[in-house]
Amino acid sequence: MTNHPGHDIWPASGWPTTPDELIRVQETLAHAAWTPFRPLGRVRVGACYTCFAQAEPGRGRPDDVGWAAAALGDEIAVASAVSPEGYEAGLLALREGPLLEAAVRALTELPDVLLVDATGRDHPRRAGLALQLGAVLDLPTVGLTDRPLLARGDDPEDVRGAASPLSIDGERVGYLLRTKQGARPICVHAAWRTMPEAALEVVLTATGQMRTPEPLRAARTAARVARARDLRG
DNA sequence: GCGACAG
DNA sequence: ATCTTGTCGC
């Protein structure tokens with residue numbers, strides 16, 4: 001938890017710092033060999049989330065302060081820093097990667113599988129931030145978003161648990177999942193070491209009565225609370 | 001040229 | 001991310 005944030009976690013983070021660099025990493029990760037994660041037994045599901053100080057529509061600003069939180073069971077960890085980049089679709093890792101990694105690494109124990117507020121295989125180079133973060137942390141990950149980046153899918157029926165495939169040119173990259181009746185479906189993305197079906201299973205086990213899976217709700221709340229606290233003194 | 005475009 | 005709109009429940 002950095003109280004007076006700087007760019008400090010970026011240079012030493014090992015994450016790419018330029019679009020060209022990131023794109024190369026994404027292309028490499030998209031073709032990397034992997035063994036599929038099978039959710040067996042009691043799987044510990046964690047989540048991470050980032051929010052920023054500037055709340056303007058459209059692209060976020062460079063040099064904005066960000067707060068990331070990671071949640072696993074009752075434990076919460078938070079990290080904060082100035083993020084050098086604004087938001088650009090396809091390059092979210094430049095803005096949030098090191099922040100999310102820092103929050104997850106601040107947990108006492110790592111989860112068996114991590115939910116990330118970003119896409120995975122649904123990406124121009126098939127390597128969204130959820131996939132990349134999993135590779136960096138060596139953890140299976142699942143991406144969760146409100147809407148797809150490139151993928152398309154039909155609306156699942158309005159029954160809790162109903163799902164319909166999200167695809168890019170016939171390639172299945174995730175599912176639209178109705179986690180709550182009467183609520184918009186969430187996008188569940190295959191990411192690092194997770195097939196679309198495994199991703200779906202993980203999300204269903206982590207979801208209670210609310211639309212958003214519990215670990216992600218916890219991380220989201222924690223990040224926003226940290227932001228509110230730090231923006232006072 | 002215009003809209004779309006994870007957070 | 002944020003905003004708008006609509007609906008339901010307190």
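Every value quoted in this text rests on a predicted model; they were computed, and no experiment measured them. Throughout, a chain's letter reflects where its sequence line sits, starting with A, and its residues are numbered from 1.
For L150(A) and dA6(B), the CG to C1' distance is 9 Å, given to the nearest whole Å. Rounded to a whole Å, the OH atom of Y87(A) is 14 Å from the P atom of dA4(B). The interatomic distance linking Q209(A) (CD) with dC8(C) (P) rounds to 20 Å, in whole Å. In this structure, the CG atom of L149(A) is 10 Å from the C1' atom of dA4(B), given to the nearest Å. One interatomic measurement links the two molecules: CG of L216(A) to C1' of dA6(B), which rounds to 13 Å at whole-angstrom precision. One interatomic measurement links the two molecules: CG of L92(A) to P of dG7(B), which rounds to 8 Å at whole-angstrom precision. A straight line from CD of Q54(A) to P of dG7(B) spans 19 Å, rounded to a whole angstrom. Nucleotide dA6(B) holds its P atom 11 Å from the NE2 atom of H123(A), rounded to whole Å.
A heavy atom lying under 4.0 Å from DNA chain B marks none of the residues of residues 153-188 of chain A. DNA chain B lies under 4.0 Å from at least one heavy atom of each of the following residues of residues 94-103 of chain A: R95(A), E96(A). Residues of residues 125-144 of chain A that place a heavy atom closer than 4.0 Å to DNA chain B, in numerical order, are G128(A), L129(A).
Contacts classified as salt bridge (charged side-chain N to carboxylate O under 4.0 Å, His left out) and involving residues 170-186 of chain A (residues at least two apart or in different chains) are given here: R126(A)-E171(A), D155(A)-R178(A), D158(A)-R178(A), R172(A)-E197(A). Sorted by first and then second residue, the pairs that involve residues 101-113 of chain A and meet salt bridge (charged side-chain N to carboxylate O under 4.0 Å, His left out), not counting sequence neighbours, are R44(A)-E109(A), E101(A)-R105(A). Residue pairs meeting the salt bridge (charged side-chain N to carboxylate O under 4.0 Å, His left out) criterion with at least one member in residues 10-20 of chain A, sequence neighbours excluded, do not occur. Applying the salt bridge (charged side-chain N to carboxylate O under 4.0 Å, His left out) test to residues at least two apart or on different chains, none of the pairs has a partner in residues 24-36 of chain A.
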Any chance you could encode DNA chain B as dot-bracket? Rule is Watson-Crick or G-U wobble with both distances under 3.5 Å; [ ] for pairs crossing earlier ones, | for another strand. .......
For DNA chain C, the expected dot-bracket line (Watson-Crick or G-U under 3.5 Å, [ ] crossing, | inter-strand) is ..........
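In this structure, the salt bridge (Lys or Arg N to Asp or Glu O under 4.0 Å) partners of R211(A), at least two apart in sequence or on a different chain, are D146(A). Residues satisfying the side-chain hydrogen bond (donor to acceptor under 3.5 Å, both in side chains) criterion with T35(A), sequence neighbours excluded, are absent altogether. Taking the salt bridge (Lys or Arg N to Asp or Glu O under 4.0 Å) definition, one finds that R217(A) meets it with E214(A), sequence neighbours left out.
Side-chain N or O atoms of E96(A) include none that pairs as donor or acceptor with a backbone N or O of L92(A) at under 3.5 Å. Side-chain atoms of R121(A) come within 3.5 Å of backbone atoms of A30(A) as a donor-acceptor pair (strictly under, hydrogens ignored). In this structure, the side chain of T194(A) engages the main chain of T141(A) through a donor-acceptor pair within 3.5 Å. Using modelled atom types, one side-chain atom of H123(A) and one backbone atom of G90(A) make a donor-acceptor pair closer than 3.5 Å. In this structure a side-chain-to-backbone donor-acceptor pair under 3.5 Å is missing from R220(A) to A69(A). Looking at D64(A), its side chain does come within 3.5 Å of a backbone N or O of Q54(A) through a donor-acceptor pair.
A donor-acceptor contact under 3.5 Å is formed by the side chain of T119(A) with the base of dA6(B).
R220(A) comes within 4.0 angstrom of nothing in the nucleic acid, heavy atoms only. In this structure, H189(A) reaches neither bases nor backbone, as no heavy-atom distance under 4.0 Å exists between it and the strands shown. Counting any heavy atom pair closer than 4.0 Å across all strands shown, D122(A) reaches no nucleic acid atom.
More than 12 non-hydrogen atoms from other residues, nucleotides or ligands lie less than 6.0 angstrom from CD of E75(A).
Comparing dT2(C) with dC5(B), their C1' atoms are spaced 15 Å from each other, to the whole Å.
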Start with the C-alpha gap between L72(A) and L114(A), add the side-chain angles, then the distance that decides, and say whether side-chain contact (heavy atoms from CB on, under 4.5 Å) holds. CA-CA 9 Å; L72(A) 177 61; L114(A) 181 72; over 6 Å; no
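Closest non-hydrogen pair, V202(A) versus F37(A), comes out as CG2-CE2, 4.1 Å.
In this structure, the nucleotide among dC5(B), dT2(C), dG7(B) sitting nearest to the side chain of R227(A) is dT2(C).
Checked against L144(A) for a side chain to side chain contact (heavy atoms under 4.5 Å, CB included), the options V203(A), T179(A), L177(A) give a single hit: V203(A).
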